[in-house]
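Down below is the structure, laid out as structure tokens.
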Amino acid sequence: MRIITGKARGLKLFTPKDYRVRPTADRVKEALFNIIAGYLPDAQILDAFAGTGNLGLEAWSRGAKKVYFVDASNDSLQLVRSNVAKARAEAQVKIVKGTTPGEFARLAHQGIEFDIVFSDPPYDKGLNQALYEGLVKTKILKSGGLLVLEHSLNENPTDYVAPDLQIRTEKYGDTKISLIVWK
């Protein structure tokens, strides 16, 4: 697992010692970031279910202004901290221990809004739907912003996303990425 391009290009990130955390594969990440490149400059990012920090750090490397990492797992947060330190990105990130979407109300109360929200939770547990519903309630994703859901082939975001939202879904092996333009 590495940073693909940008100011930290080629940096190898620390990876989990077990399979409880499933980082986004480099080929999936590269395809995703090629699609969303126009959203990244000066963006404020939320990397929900941060895991290793892989997605948020790639966004930071490519020009995002600020990245918030949220995860409930102490092990994952330690991995994120280690990767942030290795990338020397401490000044542009905030690491938050908490559940997703549990932290959304607190972020909204602080007046924080995001241009992009990455959601890469454990598959097939309803967590992307819960995150989506939390975003609808708290309004922390800016209109015109982008919600990026990584999920299994079994999950279909059109089952829970409002029909007026534009969804683009790409398949990479046994992983799907759904990109939703927020209104």
Side-chain angles (χ1 to χ4, degrees), residues 1-123 127-128 131 134-135 140-142 145-150 172 175 177:
M1 187 176 64
R2 64 187 170 86
I3 302 292
I4 296 167
T5 197
K7 57 190 162 202
R9 180 180 185 198
L11 180 72
K12 291 184 190 240
L13 299 174
F14 295 110
T15 57
K17 292 179 172 62
D18 59 34
Y19 293 103
R20 288 180 291 162
V21 175
R22 173 202 33 79
T24 301
D26 281 354
R27 70 181 182 84
V28 175
K29 184 171 69 167
E30 186 169 16
L32 166 63
F33 279 87
N34 286 338
I35 294 168
I36 68 169
Y39 284 86
L40 293 170
D42 295 320
Q44 186 147 285
I45 308 288
L46 172 62
D47 188 348
F49 308 102
T52 63
N54 185 20
L55 294 175
L57 284 170
E58 185 72 36
W60 165 81
S61 182
R62 293 178 184 232
K65 174 175 58 177
K66 181 88 172 183
V67 180
Y68 286 72
F69 296 97
V70 176
D71 206 297
S73 163
N74 287 328
D75 291 340
S76 289
L77 291 173
Q78 185 54 46
L79 205 50
V80 171
R81 282 186 196 93
S82 296
N83 284 326
V84 165
K86 190 172 188 179
R88 297 184 178 138
E90 295 94 341
Q92 290 86 30
V93 307
K94 181 155 177 70
I95 300 170
V96 179
K97 179 176 174 44
T99 60
T100 302
E103 288 298 313
F104 290 1
R106 192 163 57 113
L107 293 168
H109 182 71
Q110 295 173 16
I112 298 169
E113 291 182 311
F114 299 97
D115 300 292
I116 302 172
V117 173
F118 292 113
S119 179
D120 181 14
Y123 287 176
L127 296 171
N128 275 329
L131 175 131
L135 289 174
I140 61 171
L141 180 55
K142 294 177 183 175
L146 192 61
L147 172 58
V148 179
L149 305 176
E150 185 171 334
Y172 306 96
T175 298
I177 301 285

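What's counted below: heavy atoms across the whole structure, side chains too, no hydrogens, waters or symmetry copies.
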*asked:* With rounding to the nearest 0.5 angstrom, report the CD1 to OH distance, Ile112 to Tyr68.
replied: 3.5 Å

*With a 4.5 Å limit on heavy-atom distance, are the side chains of Ile140 and Leu135 in contact?*
yes

*asked:* Run the side-chain hydrogen bond (donor to acceptor under 3.5 Å, both in side chains) test against Arg106 and tell me which residues pass, sequence neighbours left out.
replied: Glu103

*Check: Lys86 side chain, Lys12 main-chain N or O, donor-acceptor pair, under 3.5 Å*: yes

*For residues Val80 and Ala50, report the shortest heavy-atom separation together with the two atoms involved.*
CG2-CB, 3.9 Å

*Does the ring center of Phe118 lie less than 6.0 Å from the ring center of Phe33?*
yes

*Measure the shortest side-chain to side-chain distance between Val93 and Phe69 over non-hydrogen atoms and say whether it is less than 4.5 angstrom.*
yes

_Treating Asp71 as the side-chain partner and Gly51 as the backbone partner, does any N or O pair qualify as donor plus acceptor under 3.5 Å?_
yes

_Chi angles and distances behind the side-chain contact (heavy atoms from CB on, under 4.5 Å) call for Lys65, Ile45_ = CA-CA 8 Å; Lys65 174 175 58 177; Ile45 308 288; over 6 Å; no

*With a 4.5 Å limit on heavy-atom distance, are the side chains of Asp115 and Asp42 in contact?*
no

*Contact summary for Pro101 and Gly134, nearest pair of heavy atoms*: CB-CA, 3.9 Å

*Counterpart residues, side-chain hydrogen bond (donor to acceptor under 3.5 Å, both in side chains), relative to Lys66 (two or more places apart)*: none

*Check: Met1 and Phe14 side chains under 4.5 Å, non-hydrogen atoms*: no

*Quick one: CD1 on Ile4 to CD on Glu30, what's the gap to the nearest 0.5 Å?*
4.5 Å

*Just wondering, more than 12 heavy atoms not from Lys94 lying within 6.0 Å of its NZ?*
no

*Find out whether Leu79 and Asp75 are in side-chain contact, i.e. whether some heavy atom of one side chain is under 4.5 Å from a heavy atom of the other.*
no

*Grab the two heavy atoms, one from Pro121 and one from Glu150, that are nearest each other, plus how far apart they are.*
CD-O, 3.9 Å

_Using side-chain heavy atoms (C-beta onward) and a distance below 4.5 Å, is Ile3 in contact with Trp60?_
no

*Least distance between heavy atoms, Leu40 atom then Ala59 atom*: CD2-CB, 3.8 Å

*Answer yes or no: is there a donor N or O on one side and an acceptor on the other, between the side chain of Ser119 and the main chain of Asn128, under 3.5 Å?*
no

_Counting C-beta onward and ignoring hydrogens, is there a side-chain heavy-atom pair between Lys29 and Leu55 closer than 4.5 Å?_
yes

*Would you please test Arg81 and Asn83 for side-chain contact (heavy atoms from CB on, under 4.5 Å) and show each step?*
CA-CA 5 Å; Arg81 282 186 196 93; Asn83 284 326; over 6 Å; no

_Ile116 to Ile36 - nearest heavy-atom pair and separation_ = CD1-CD1, 4.5 Å

*Distance in Å, Thr5 OG1 paired with Arg62 CZ, rounded so as to fall on 0.5 Å steps*: 5.5 Å

_Polar side-chain atom of Lys142 near backbone of Phe114 as donor-acceptor pair, under 3.5 Å_ = no

*Check the pair Leu57 / Val67 against side-chain contact (heavy atoms from CB on, under 4.5 Å), numbers first and verdict last.*
CA-CA 8 Å; Leu57 284 170; Val67 180; over 6 Å; no

*Measure from the side-chain N and O atoms of Gln44 to the backbone N and O of Glu113, and report whether any donor-acceptor pair falls under 3.5 Å.*
yes

_Asn54 versus Thr24, side-chain donor and acceptor atoms under 3.5 Å_ = no

*Find the distance between OH (Tyr123) and CG (Asp120) and round it off to the nearest 0.5 Å.*
6.0 Å

_Close side-chain approach of Thr100 and Leu127, heavy atoms under 4.5 Å_ = no

*Compare every heavy atom of Phe49 with every heavy atom of Leu131, then report the nearest pair and how far apart it is.*
CD1-CE1, 4.0 Å

